[in-house]
Amino acid sequence: MKNVALAALFAACLAGPAMAQNAPAVTFDVGGKFDRSFNQAAYDGAEKFKKETGVQYAEFEVRNAAEREQSIRNLARRGASVVVAVGFNNRSAVETVAREFPNVKFTIIDSVVELPNVQSVVFREHEGSFLVGMLAAMASKSGKVGFVGGMDIPLIRKFYKGYEEGAKFANPKADVLMNMTGTTPAAFNDPTRGAELARGQFDRGVDVVYAAAGATGLGVYQAAKDAHKLAIGVDSNQDHLHPGTMLSSMIKRVDVAVYNAMIGARNGTWKAGVTVLGLKEEGVGWSLDEFNRKLVTPEMEKKVNEARAAIIAGKIKVTDVTAAR
Amino acid sequence: MIDDALAQAVSLLASTVRLAVPLVLASLAGLFAERSGVVDIGLEGKMLSGAFAAASVAHLSGSPWAGLAAAIAVSIALAMVHAYACITQRGNQVVAGMAINVLAVGLTVVLAYAWFNEGGNTPALPDPARFKAIVLPLARALADVPVLGRVYAGLVSGHNVIVYMTVALIPVVSFAVFRTRFGLRLRAVGENPHAVDTAGISVAALRYRAMVACGTLCGIAGAYLSIAQGAAFQREMTAGRGFLALAALIFGKWMPVPAVLACLLFAFADAVQGRLQGVSLPGIGVVPVQAIQALPYLLTVLLLAGFVGRAVAPKASGIPYNKEK
Amino acid sequence: MKGELPRWVDLGLLPAVNLLAALALSSLVVLAIGVNPLAALAILVRGAVGYPEAWGYTLYYATNFVFTGLAVAVAFHAGLFNIGGEGQAYVAGLGATLVCLGLDALPGFLVVPLAILAAAAFGAAWGAIPGWLQARRGSHVVITTIMFNFLASALMTYMLSNVLLDPTYGSPETRHFAPHATVWKLTDIAARFGFEAPRSPLNAATLLALAAAAFVWVYVWRTRAGYALRTVGANEQAARYAGIDPARTIIAAMAISGALAGLMAVNEVMGSQQRMVLAFTGGYGFVGIAVALMGRNHPVGVCLAALLFGALYQGGSDLAFEISTINRDLVIVIQGLVILFCGALENMFRPALAAFFARERAAA
Amino acid sequence: MEGVPALALAGVDKSFGAVHANRAIDLSVAQGSIHGIVGENGAGKSTLMGIAYGYYRPDAGTIRVDGRVVEISEPQDAIRAGIGMVHQHFMLVETFTVLENILLGAEGGALLARGEAEARAGLARLMAEYALEVDLDARVADLDVGAQQRVEILKALWRGARILILDEPTAVLTPQETDRLFALLAKWRDQGRTVLLITHKLREILAITDRVTVMRRGAVVATLETARTSQAELAELMVGRRVLLKVDKRAAVPGAEILRAEGLRHVDARGIERLRGISFAVHAGEIVGIAGVAGNGQSELIEALAGLKPLAGGRILFKGAPVDPPGSADACRSARARRIAHVPEDRLRMGLVASFAARESAILGYHDDADLGSGPFLDPDATRTRTNRLMEAFDVRPRLPELRSANFSGGNQQKLVLGREIDRDPELLIVGQPTRGVDIGAIEFIHRRLVDLRDAGKAILLVSCELDEILSLADRILVMFDGRIAGELPRAAADERQLGLLMAGVAAAA
C-alpha cells in the first residue's frame with residue numbers, strides 16, 4: 001500500500017507540466033470561462049481554434065491579482081506560441097512578463113500594452129451598445145428602457161453611455177433607467193440581485209432591459225422572461241438562453257480576437273500592435289438569428305443597420321466615456 | 001398620478017417582500033439556534049449549501065420539490081456538523097459558524113465545478129424545475145379594481161410558493177416558540193441550560209433539535225435563492241444575506257415578529273436602494289451609486305448602534321453547556 | 001476533567017493531528033471529484049515548495065496571512081472576533097496609495113515609511129470604529145466588522161472608479177507608483193547586487209511581517225497594555241475590578257488589529273502590485289481567521305500557519321494549473337476544514353491524546 | 001427507622017479526571033426521616049447528590065429507591081423515581097414566569113395551554129397546603145430569593161417528589177425563614193416523606209435531622225444518630241482534627257474615621273433601586289461587619305465603595321475627602337492609589353483570572369506598579385518575585401507562580417487574592433464573603449489575617465452572609481435589608497435572634 005502511494009507521488013512529481021509544443025495559451029479573468037458572457041466568448045474562440053487545428057491549448061482561470069502575473073509567466077515559460085490574456089485587469093501583468101520574455105508573443109484583450117511583442121485588442125463596446133440601445137427603444141412600448149450593470153466602473157459605464165445614446169437616438173423621448181449591482185466582485189455573480197433590479201425597473205415601466213453584468217445578467221434575463229419583458233444580452237450571443245425574451249445581444253467578438261491571435265501565431269500572421277475593433281471591423285455588433293428573428297421587425301433591422309453604417313462612416317459619434325477622461 | 005404612485009408603492013412593497021423572504025427564513029432559523037443557546041454566524045453557509053443542493057437536484061430531477069428537499073437535507077447536515085462542534089465538542093460557536101461558512105463557499109464551488117463543469121455554477125434551470133410565480137385566483141380579473149384590486153394583484157398575488165410558505169411560517173414559528181412545549185424548552189435552554197437539565201430534559205438533544213429546525217429553514221432560504229427567485233446556483237450567491245438576517249434577529253431582540261419586521265426593513269432599504277440609483281435628489285444632486293449601495297449596510301450599523309442599544313441576548317447563547325460548572 | 005497534556009503535545013502534536021484530520025477529509029473531497037488525492041497532494045507540495053519561484057510565491061502569500069492572522073489573534077486575546085480584516089486592509093490600501101501617489105515628490109526614505117504608517121493608520125481607523133461601536137454602543141463586533149467590509153468595498157469602488165483611477169487606461173486601478181515610492185521586491189534587491197532572483201512578488205514587506213509578529217508577542221505578553229488586553233479578553237469583570245477600562249482596551253485592541261490587517265496593503269499594494277487595483281485584498285483577510293486559529297493566536301504559531309496557508313495557496317494555484325477538474329476553491333475547502341478542526345473541534349482529539357499520554361506516564 | 005430505606009446508595013464511586021470526588025459511598029436513608037449530610041467544601045456532598053439526581057453518572061455503585069435498584073442516568077430517571085432536588089444555585093429561568101418555570105419538563109402535552117390550566121389548579125392546592133405562596137405570573141427575576149426557593153420547592157412537589165434533596169437551602173434565608181422551612185420539612189417527615197439536607201451549618205443539623213452522615217475527602221466517615229452527637233464531634237469528624245470554632249481576639253481600639261458613606265443610592269441596569277440611602281462610617285482599627293441575606297444590596301454596596309458601581313446619589317468620603325465618582329473609568333485605579341483594597345465576593349468572577357498563571361492573577365489591579373517593569377513593559381521575573389513573596393507570606397499552595405489560577409483550590413485562590421490586597425498595606429480593606437467555598441483550615445488562616453490587619457490599625461469593612469463569621473470577626477455590625485441599613489449593633493449587644501429580625505426587615509433600626 002505504502003509503495004503504491006509513493007509511486008503515485010513520484011509519478012506525479014516527475015510528470016510535470018503537460019503542454020504541447022508550440023501550443024497557444026489563454027488566461028481567463030475572474031468569473032471564469034463559463035460566465036456565458038465575456039470570458040466564455042474567449043473560451044469559444046479558443047475552442048474553435050482547437051477544433052480546427054486539433055491542437056490542445058493551455059488555459060488558466062485567474063482568481064486573484066497575484067496569480068495573473070504568475071500564470072502568464074508560467075504559460076510563457078512553458079513555451080506557449082502566444083499567451084492570450086483576457087481582461088483589462090491583466091495589463092500590468094502582461095507588461096511585466098512581456099518584458100521578461102521578449103521572444104514570446106502576448107495578446108491582451110480589453111487593454112493596451114505598448115511593447116513590441118504584445119498585441120492589444122480593444123473593442124468599441126459603446127458602438128455596439130448604441131445599436132442595441134436603438135433596438136431597445138424601438139421595441140419598447142412604454143418608452144422606458146433599462147440597463148443593469150455589474151459594478152460602477154468605467155468599463156461598464158462605457159456600455160451604459162452607448163446604450164443610452166442609442167436609445168435616445170431612436171426615440172428622443174426615451175427614458176433610460178440604470179442600476180449597478182454591487183461593489184464587491186460578487187456583483188458580477190449575483191443573479192438574484194440582478195433579477196430584483198430588473199423587476200424593479202419593470203415595475204417602473206421598463207419593458208426592455210440590457211445587462212452588462214456577467215453572470216448577474218442571467219438573473220436579469222430570467223426576470224425578463226418571468227415578467228414577459230424583453231432583454232438584451234451582452235458579449236456572447238445570448239439569444240439562445242431564452243428565445244422569445246432575448247431581443248438581441250450586443251456581441252463583442254472576443255472569440256474572434258482570441259481565435260485570430262491563436263491561429264495567427266500558428267500561421268505566422270500574428271502582429272504586435274494595437275487593434276481597435278469597432279462596428280467597422282465587425283468586432284462588435286448585434287445579433288440577429290433564429291432565436292430573435294420574430295422580435296426584430298424589418299423596420300427595426302433597417303434602422304439599426306442604417307445607424308451602423310452612419311457610425312462606421314463617422315456620421316454618428318458615440319461617446320466613449322473611457323476615452324473622454 | 002395617484003394611480004402611478006400607487007403602482008410604484010405596490011411595486012416597491014412587492015420587491016420588499018421578495019427581498020425579505022430569504023432574510024426572514026434565515027432570521028427565523030437563527031432564532032431557533034440562538035434561542036437554544038447556539039450563536040449562529042453560519043446561517044450564510046447553510047443557506048449557500050442549500051442553494052447549491054436545490055439547484056443541483058432540481059437540475060438532475062427536474063423537480064423543484066426534490067430540489068427543496070435536497071436543500072433542506074444538506075442544510076440540516078451542515079447544521080449537524082455545526083451542532084456537533086458546538087454542542088457535543090463544546091467548541092467555539094462563532095468559530096464553528098465561520099468554518100461552516102468557509103466550507104460552504106469552497107465545497108459548493110468545487111463540487112459544482114467538478115460535477116457540472118460550468119465554472120462553479122450549476123446549469124440554468126428550465127421553468128418546470130423551478131418554483132414559478134403563482135397567480136392567485138381572480139388576480140387578473142381584479143387587477144383593474146382601484147387600490148384593493150391593484151394591491152391584491154401586485155402585492156398579494158404573483159409570488160412563488162416559498163414566499164407564501166414563509167408568510168405562513170411566521171405565525172407557525174411564533175406559536176411554536178411561545179405556545180408549545182418545544183418552545184418553552186427552547187427558550188429555557190438558551191437562558192439557563194442547568195435549569196433545563198435538572199428539569200429532566202436533555203440539553204444536548206434539545207439543542208440538536210433546534211439546530212435541525214435552523215437547518216430546515218436555512219435550506220428553504222437557500223432553495224428560494226437558487227430555484228425560486230433565481231434559476232441556477234452561482235458561487236457565493238447568498239452575498240451576505242445570512243449576516244443581515246443575523247443583524248435583523250438581534251435588532252428584533254430574538255423575537256419572531258420583531259425580527260421579521262427588521263428583515264422587512266432591511267429588504268425595504270434594499271428595494272429603495274435599487275430605485276434610488278441614478279435618481280437626482282433635490283438639493284444633493286445625483287448621489288454616487290456606491291453610496292446608495294452602501295445604504296443597507298450603513299443602516300444595519302446605525303440600527304445596531306443607535307436603536308437597539310445593548311440587545312440582551314439569550315443569556316446562555318455562545319456558551320457551551322458544561323454540567324460540571 | 002482537564003487532561004493536562006505535555007506542552008509540546010498541546011502546542012505541536014494536537015494542532016498537527018487536527019490539521020491531519022482536516023487534510024484527510026479534504027482528500028475525501030478530492031476523491032469524490034475523481035482525482036487521486038495522493039497525486040493531487042504531490043502536485044500541491046511540489047507547487048508550493050518544489051522550485052525557487054514557488055517559494056517566492058509561498059512566502060509572498062504567507063506575508064499577507066501573517067498580517068491578517070496577527071490581526072485576528074490580537075483581537076482574539078481581547079475577546080473579540082474581528083472578521084473585518086478584509087475591509088481594514090482594503091481601506092489601508094487607500095492610505096498607502098494616497099501617500100504613494102500624492103507625496104511621491106518626497107524622497108523614498110520618507111515616502112515609504114509615511115505610506116506604511118498611513119496604511120496602518122487607515123486600517124486602525126477602520127478597525128477602531130467597530131471597536132468603538134462594540135465598546136460604547138454594544139453593537140456586536142462580528143456583525144459590524146462584516147458590515148464594514150461591505151462599506152469598504154463601496155468606498156473603494158467609488159475611489160477607484162472616480163477619483164484615483166489612471167486616466168490613460170480607464171480601468172479601475174491607479175497608475176503605477178513611482179519606483180522610489182514602492183517596497184522593494186526581492187528581484188529588485190537581487191538585481192542591485194547583480195543576481196537574478198526567481199520572479200515573484202516577494203518583497204521587503206515579509207520582513208515587516210516578521211517584525212509585526214515580534215511586536216505582537218512583546219505587546220501582548222510583555223507590556224502592561226498587553227496585560228490589560230488579555231485581562232479584558234479573559235474576564236471583563238476582573239478587568240474592571242483591576243481598574244482597566246474595558247471600553248478603551250477594546251477600542252485599542254481593534255485599532256491595533258486593524259493596523260496589522262492594514263499592513264497587508266504594504267505587501268499587496270506597495271510591494272507586489274505597486275499600484276492599487278480593485279479588490280486587491282482577495283479574501284486574505286478571511287484566511288487570517290484560519291491562520292490565527294491554526295496558530296493558536298500566538299505569533300510564532302501564526303507565522304507557521306501563515307507559511308502553511310501560503311504553501312496551500314501557491315500549491316493550490318499549481319494544482320489548478322495541472323488538473324483541470326480541480327479548481328482553486330479546493331483550497332477554500334481545506335481552509336474551512338482547518339478552521340473547523342483547529343478551531344471549533346480543537347479538543348476533539350484531546351481526550352484520546354490525554355488518555356494516551358496518561359497511559360505512557362503510568363507505564364514509565 | 002425500620003423497614004426498607006427510601007434511598008440507598010451502595011459502593012458509589014465517581015472521579016472527575018484526577019479528582020476522586022466520591023469513594024465507595026454507602027448511604028442509607030430511612031423512610032420518613034430527615035437525613036443530614038455534612039462535610040467541608042469539596043468533601044463530595046454535592047457530587048453524591050448529583051449522582052442521586054442523575055446529574056452525574058457514577059463510575060461504580062448502585063442506587064436503590066424503596067428497595068428496588070434503579071438506573072438513574074439522567075434527572076428524568078430521578079424524577080420518575082420520585083426524587084426531587086432543590087439546588088443551592090436555583091435552577092430557574094429568570095426571564096420566565098413562575099408558572100413557566102414549574103411547567104418546564106412537566107408541560108403535560110405538546111401544547112402549553114392545557115398543561116397550564118391543570119398546573120394552576122394543582123399548584124393552588126399545594127400552595128395552600130404547605131403555605132408556599134408565590135404569584136404564579138410573576139417573573140422569577142423579580143422575586144426575592146426566599147420566594148425563588150419556594151418556587152423550587154413547588155417545582156419538586158409538582159413533579160410528585162417523595163424524596164426531597166435540599167442542597168444548602170438556608171444559605172440565602174434569614175434565621176426566621178429558616179425556621180419556617182424547617183417546620184415545612186418536619187411536616188413532610190410526619191407525612192412519611194423523606195428529606196436529605198445538605199449543609200455545612202452544624203447547628204441546623206442538630207436542630208432538624210434524625211440522622212447525619214459526615215463526609216470527608218470524598219468518603220463517608222460516619223453516620224450518626226443526631227440525638228447522640230454534638231457540634232464539636234461533627235466538626236472534628238468533618239475536618240479530621242480538633243477545630244477552634246472561635247477566633248480569639250482583643251477588643252478593638254478604633255482610631256480616626258477612614259471611610260464615610262453618606263446616603264448612597266444605586267439603581268441597577270433594570271431600573272431597580274438596589275441601594276436606598278446607605279450611610280455609615282468605618283474607623284481605623286475596627287472591623288465593621290455587614291450582615292444580611294444575600295441580595296439585599298450588600299454586593300452593590302461594596303462594589304460602589306470599591307469604585308465599580310455608579311451611584312445614583314450620595315457620596316463617599318475617604319479620610320474626609322470625596323473619592324472619584326464610582327463607576328467611572330478611573331475610579332478603581334484611584335481607589336487603589338489611595339490604598340483602598342478590595343477582596344471581591346466572587347474570586348472567580350472578579351478576583352482573579354482563571355486562565356492566567358498565578359503570577360498574572362497576583363498582580364491584577366497592580367499591573368501598573370513601577371517595580372513590575374520599566375515604562376510600558378511588564379517584567380515576568382518581577383511578577384514572579386512578587387508572587388513568590390505573596391505565596392510565602394500567605395501560605396498559598398502549591399508554590400508555583402506559573403500554575404494556572406484555576407488549578408488552585410478555592411482556599412488557596414482566596415489566600416492569593418487576600419494576600420495580593422493586604423500586601424500593598426491598605427488603609428481600608430473592603431472584603432466580601434472572605435471564606436465562601438473555602439475549607440476550614442483556610443478559614444482559620446484568613447480570619448486570623450483579618451484580625452491581625454485590624455490590630456495593625458487598619459479599617460476593615462466585612463460583608464458576609466455567614467452570620468457566624470460576622471459574629472466572630474466584627475466589632476460593629478450593620479444589617480442590610482432591601483437596600484437600607486436596617487440596624488446597627490455593637491458586637492457585644494448583638495445576638496442571633498435580633499440580627500435575624502433585622503435581616504428579615506421585621507424589626508426597626510435599633
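Lettering of chains follows the sequences in order, A, B, ..., and the numbering in each one begins at 1. These figures come from a predicted structure and were not determined experimentally.
In terms of heavy-atom pairs under 4.5 angstrom with chain B, the leader among Thr144(C), Asn347(C), Leu133(C), Leu293(C) is Leu293(C). Across Phe81(C), Phe148(C), Phe150(C), Phe286(C), the residue that shares the most heavy-atom pairs under 4.5 angstrom with chain B is Phe150(C). Note on Leu330(C), Ile334(C), Asn149(C), Thr157(C): by heavy-atom pairs under 4.5 Å with chain B, the leading option is Thr157(C).
Summarising the geometry of Gly336(C) relative to Ala99(B), their closest heavy-atom pair is O-CB, 3.7 Å, with the distance given to 0.1 Å. Heavy atoms only, all atoms of each residue included: Met348(C) and Gln89(B) are closest at CA-OE1, 3.3 Å. Of all the heavy atoms in Ser139(C) and Ala305(B), the pair that sits closest is OG-CA, 3.3 Å.
Only the side chain of Ile289(C) comes within contact range of chain B, with heavy atoms under 4.5 Å apart. With a 4.5 angstrom heavy-atom cutoff, Gln335(C) touches chain B via backbone and side-chain atoms both. Heavy atoms of Leu155(C) lying under 4.5 Å from chain B are absent altogether. Heavy atoms closer than 4.5 Å to chain C are found in the backbone of Ala239(B), but not in its side chain. Proximity to chain C (any heavy atom under 4.5 Å) is restricted, for Ile41(B), to the side chain, taken from C-beta onward. There is no contact between Phe341(C) and chain B, counting heavy-atom distances below 4.5 Å. Looking at Val289(B), there are no atoms closer than 4.5 Å to chain C (heavy atoms on both sides), in backbone or side chain.
For the atom pair OH (Tyr297(B)) and CD1 (Ile143(C)), the distance works out to 14.0 Å, reported to the nearest 0.5 Å. Note that the OG atom of Ser161(C) and the CD atom of Gln290(B) stand 5.5 Å from one another [nearest 0.5 Å]. The distance from the CG atom of Leu340(C) to the CE atom of Met98(B) is 12.5 Å, given to the nearest 0.5 Å. In this structure, Arg137(C) CZ and Leu304(B) CG are separated by 11.0 Å, a value rounded to the nearest 0.5 Å.
Among Leu111(B), Thr108(B), Leu107(B), Val109(B), the one residue that satisfies the side-chain contact (heavy atoms from CB on, under 4.5 Å) test with Asp329(C) is Val109(B).
Glu346(C) places none of its side-chain heavy atoms less than 4.5 Å from the side chain of Val95(B).
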Side chain to side chain contact (heavy atoms under 4.5 Å, CB included) between Tyr84(B) and Leu345(C), intermediate numbers included: CA-CA 9 Å; Tyr84(B) 176 74; Leu345(C) 294 174; 4.0 Å; yes
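Summarising the local packing, CE of Met255(B) is surrounded by 12 or fewer heavy atoms from other residues, nucleotides or ligands at distances under 6.0 Å. Annotation for Arg35(B): atom CZ counts as buried by contact number, over 12 foreign heavy atoms lying within 6.0 Å.
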